[in-house]
Every structure is written in C-alpha cells, then in structure tokens.
Amino acid sequence: MTTYSRPRQFRPRIMGIVNVTPDSFSDGGQFSGAQEAIAYGLRLLEEGADILDIGGESTRPGAEEVPVEQERSRVLPVIEALASKTSVPISIDSRKPDVAEAAVHAGASIWNDVSALTFDPSSLETAARLNCEIVLMHAKGSPATMQNDPFYDDVVSEVISFLRERLKACHEAGIKKNRLIADPGIGFGKNLDHNVALLANLSGFEPLGVPLLVGASRKRFIAALDQEGPGESPDRGPGQTRLGGSIAAAIIAAAANAAIVRVHDVAATRQALNVFSAVKAGGALTPEEDMC
C-alpha cells in the first residue's frame, strides 16, 4: 500500500518578541508587568514561536538607556518563569553584559546584542565565558541618535564589513564561530533606502559563514513604503497597519536562507512561512511505503 506525505519543510526559526518595557515602539507598556509578559510569552509559544526574545530596554529610535538594575528586574522574573515552563530557547535582548550574564543564569541560552558586543568593554570576555549563542547586530550610533540622518557610501558592503570585523573580534576573544549569528540591523541607523537595499541583498551575507537573523517586523520603513495605506491612529497602531509588510519581509528573509526571523506576529508569520517553505520544497506529494 502506498501513502503520500508532504516534502519536509525548511523555514527560518521564528523568534517571538516579548518586550518587558513601557516604551517599545510597537507594544510599549502592553506587557511591562512580569505576569503579563509571561502569559504573552506562553501565548507566542502556542502560536508557534521557536525562540522567545525577552527585552527590558527599548531600543526604538530616540530611546534612552535603562539602568542595569532596572533592566534586570524587568527581565529576570520573566526568563525564570518561562524557562521553567518550556524547553524552547530563550534569548535575552540586551546590550549590557551584566544583564546578559544574569539572564543566562536565569535560563536564557542566547544573547541578542544590538551593539554586537561593543557597548561595554567587558562584553567580549563575558560572551566568551557564558558559552551561549550570540547575535551580533549592526547598528549605527546609539538608539538615542541612530536615526539622525544616517549615511553610508554603500550600506550593504559597510554592514557586511562591520559584521566581519565583529566576527574576527569574537574569534580573538575565544568565542567559537558556531555560537555566532549575524543580524544586519534593519531599522537601526538606516533610512528607507538603506533598509530596502539590505533586504534586497541578504544573500550577500552568506560568505560571513554564520547563520543570519533578520528583524524587520513592524518597522517604520514598512509604513513609508505603503503611502496608500490607512495610516496609524489611536485604535490602529503598527501591529495592525504593518502586518502585511512584516510578513513580506519574513518571506524575503526566508528566500535568502535566513536562519531566524524576529517577529511580533508569530501566528501569521508561521502560517506564511509554512506555505512558502512547502512551495519552495516542491509542493508535490511524495509516495512512500506504508509499513503498517
């Protein structure tokens, strides 16, 4: 007897965003309490998140730095609770080595650093000692200043060059390459043209030899590309008006073989990626012997 099965699907892992902050650009304050953030993280797992990214400091354009103790007090209870309830990897979204170290001890296994381990002089040494996965992201300037007229001669080559240098610095610090992930930093010190150029040239990051993470979810460039859209209002924020563009960016990342997409809208992104990956795999039913 012959049965049929779908080809195995390959898609990026979905990193679900949990902001434990009062001022994040998309959902600031919505999950700022530990219990609300824990419940939201569990909901993202039900929707299909493969990784949970927990952040206690907003890195939106114009954001100011949060003290270490305040950041730790926001994220540690959430990480501890989620780590006790799931085996899904938990990421700490922080620039600060003290926060990252406490988060790893609390149950995180990924350090997602928007400064690519440049924010603090001890970041490289801490990362080498923690022996966790590290996301190195490109950002031009700090969150407070990064959107003040960013300029590049060639944004793609300059971002790749920066990440190559950070990979070299990690190697020299004793951090193994198989623990490193690169992120071009969509929206971090880039204007509309820069963001579009990076998305159009994601395949150019493959020679770095490490997995690629793409985080374009709900970012401003999506609204800028949709001038005919309804726009945002008090009852219609980025989560509603930028969903289509966010999914499009995730599909673009998947087509370029990105390993991870960092998103707010897990369920919708998962569905889109599953359809994309099934079609990419060929879509046809494959006969196989029924051994029952």
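Below, each value reflects all heavy atoms present in this structure, side chains not excepted, and no hydrogens, waters or symmetry copies.
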Exercise. Is a donor on one side and an acceptor on the other found under 3.5 Å between the side chain of N201 and the backbone of A197?
Worked result: yes

Exercise. If you look at every heavy atom in V75 and G55, which pair is closest and at what distance?
Worked result: CG1-C, 3.7 Å

Exercise. Okay, side chain of R179, backbone of C132: is any donor-acceptor separation there less than 3.5 Å?
Worked result: yes

Exercise. Checking salt bridge (Lys or Arg N to Asp or Glu O under 4.0 Å) for the pair R262/D183: CA distance, chi angles, key distance, verdict?
Worked result: CA-CA 10 Å; R262 183 178 181 272; D183 179 349; over 6 Å; no

For this session: Give the cluster check for L52 versus V135: same hydrophobic cluster or not, with ILVMFWY residues linked at side-chain heavy-atom distances below 4.5 Å.
Result: no

Problem set entry | Side-chain heavy atoms of R11 within contact of T269, under 4.5 Å | no

Exercise. Any idea how Y152 and H138 line up, ring-wise: parallel (<30°), tilted (30 to 60°), or perpendicular (>60°)?
Worked result: tilted

For this session: For the residue pair V99 and E57, establish whether any side-chain heavy-atom pair is separated by less than 4.5 Å.
Result: no

Exercise. Can you tell me if K190 uses its side chain to pair, donor with acceptor, with the backbone of F188 under 3.5 Å?
Worked result: yes

Exercise. For the side chain of R166 and the backbone of A116, is there at least one donor-acceptor N/O pair under 3.5 Å apart?
Worked result: yes

Exercise. With a 4.5 Å heavy-atom cut-off, do K168 and E172 have their side chains touching?
Worked result: yes

Exercise. Just checking, is any N or O donor in the side chain of T21 or N19 under 3.5 Å from an acceptor N or O on the other one?
Worked result: no

Exercise. Distance from D93 atom CG to D53 atom CG, nearest 0.5 Å?
Worked result: 4.5 Å

Seminar exercise, completed: Correct closest heavy-atom pair for I222 and A216 would be CD1-O, 3.6 Å

Problem set entry | Heavy-atom pair with the smallest gap, counting every atom of V18 and G41 | CG2-CA, 4.0 Å

For this session: To the nearest 0.5 angstrom, please state how far the CG atom of L136 sits from the SG atom of C170.
Result: 4.5 Å

Problem set entry | Donor-acceptor pair, side chain of E158 and main chain of D153, under 3.5 angstrom | yes

Problem set entry | Separation between NZ of K176 and CG of N131, rounded to the nearest 0.5 Å | 7.0 Å

Exercise. Between E65 and K96, does a side chain to side chain contact (heavy atoms under 4.5 Å, CB included) hold up when you go through it step by step?
Worked result: CA-CA 10 Å; E65 184 180 339; K96 303 183 183 74; 3.8 Å; yes

For this session: For the pair T86 (side chain) and A83 (backbone), establish whether a donor and an acceptor sit closer than 3.5 Å, ignoring hydrogens and angles.
Result: no

For this session: Output, in order, the C-alpha distance, side-chain angles, deciding distance and verdict of salt bridge (Lys or Arg N to Asp or Glu O under 4.0 Å) for D265 and R242.
Result: CA-CA 10 Å; D265 304 288; R242 302 177 189 173; over 6 Å; no

For this session: State plainly whether one hydrophobic cluster holds both V196 and I160, where clusters connect Ile, Leu, Val, Met, Phe, Trp and Tyr through side-chain heavy atoms under 4.5 angstrom apart.
Result: yes

Problem set entry | Within 6.0 Å of CD in Q70, more than 12 heavy atoms from elsewhere | yes

Exercise. How long is the span from the CG atom in L130 to the CD atom in E101, to the nearest 0.5 Å?
Worked result: 5.0 Å

Exercise. Is there a path of hydrophobic side-chain contacts, each under 4.5 Å between heavy atoms of I, L, V, M, F, W or Y residues, that connects F162 with L117?
Worked result: yes

For this session: Take L212 and N257 through the test side chain to side chain contact (heavy atoms under 4.5 Å, CB included) and record every step on the way to the result.
Result: CA-CA 8 Å; L212 186 68; N257 297 316; over 6 Å; no

Exercise. Got a donor-acceptor contact below 3.5 angstrom from the H194 side chain to the N191 backbone?
Worked result: yes

For this session: In sequence, state the C-alpha distance, the side-chain angles, and the governing distance for V156 and L198, and then conclude on side chain to side chain contact (heavy atoms under 4.5 Å, CB included).
Result: CA-CA 6 Å; V156 176; L198 287 168; 4.2 Å; yes

Exercise. Considering all heavy atoms of both residues, which atom of V214 and which atom of A258 are nearest to each other, and what is their separation?
Worked result: CG2-CB, 4.1 Å

Exercise. Are L124 and L163 connected in the hydrophobic side-chain network, where two residues link if heavy atoms are under 4.5 Å apart?
Worked result: yes

Exercise. With distance as the sole test, does W111 use its side chain to make a donor-acceptor pair with the main-chain N or O of I92 at under 3.5 Å?
Worked result: no

Seminar exercise, completed: Looking only at heavy atoms, the pair that brings P77 and I38 closest together is O-CD1, 4.1 Å

Exercise. Would you say the side-chain atoms of K219 pair up with the backbone N or O of I186, donor to acceptor, closer than 3.5 Å?
Worked result: yes

For this session: To the nearest 0.5 angstrom, please state how far the CD1 atom of I54 sits from the CG atom of L82.
Result: 5.5 Å

For this session: Ignoring hydrogens and angles, tell me if any N or O in the side chain of K177 forms a donor-acceptor pair with the backbone of L167 under 3.5 Å.
Result: no

Exercise. If you look at every heavy atom in I79 and A108, which pair is closest and at what distance?
Worked result: CG2-N, 3.7 Å

For this session: Mind checking the CE-CD1 spacing from M15 to I181? Nearest 0.5 Å is all I need.
Result: 6.5 Å

Exercise. So, do L273 and I251 sit near enough that their side-chain heavy atoms are less than 4.5 Å apart?
Worked result: yes

Problem set entry | From CA spacing to verdict: side chain to side chain contact (heavy atoms under 4.5 Å, CB included), S246, V263 | CA-CA 8 Å; S246 298; V263 305; over 6 Å; no

For this session: Examine L199 and L213 and state if one hydrophobic cluster contains both, with Ile, Leu, Val, Met, Phe, Trp and Tyr joined whenever side-chain heavy atoms are less than 4.5 Å apart.
Result: no

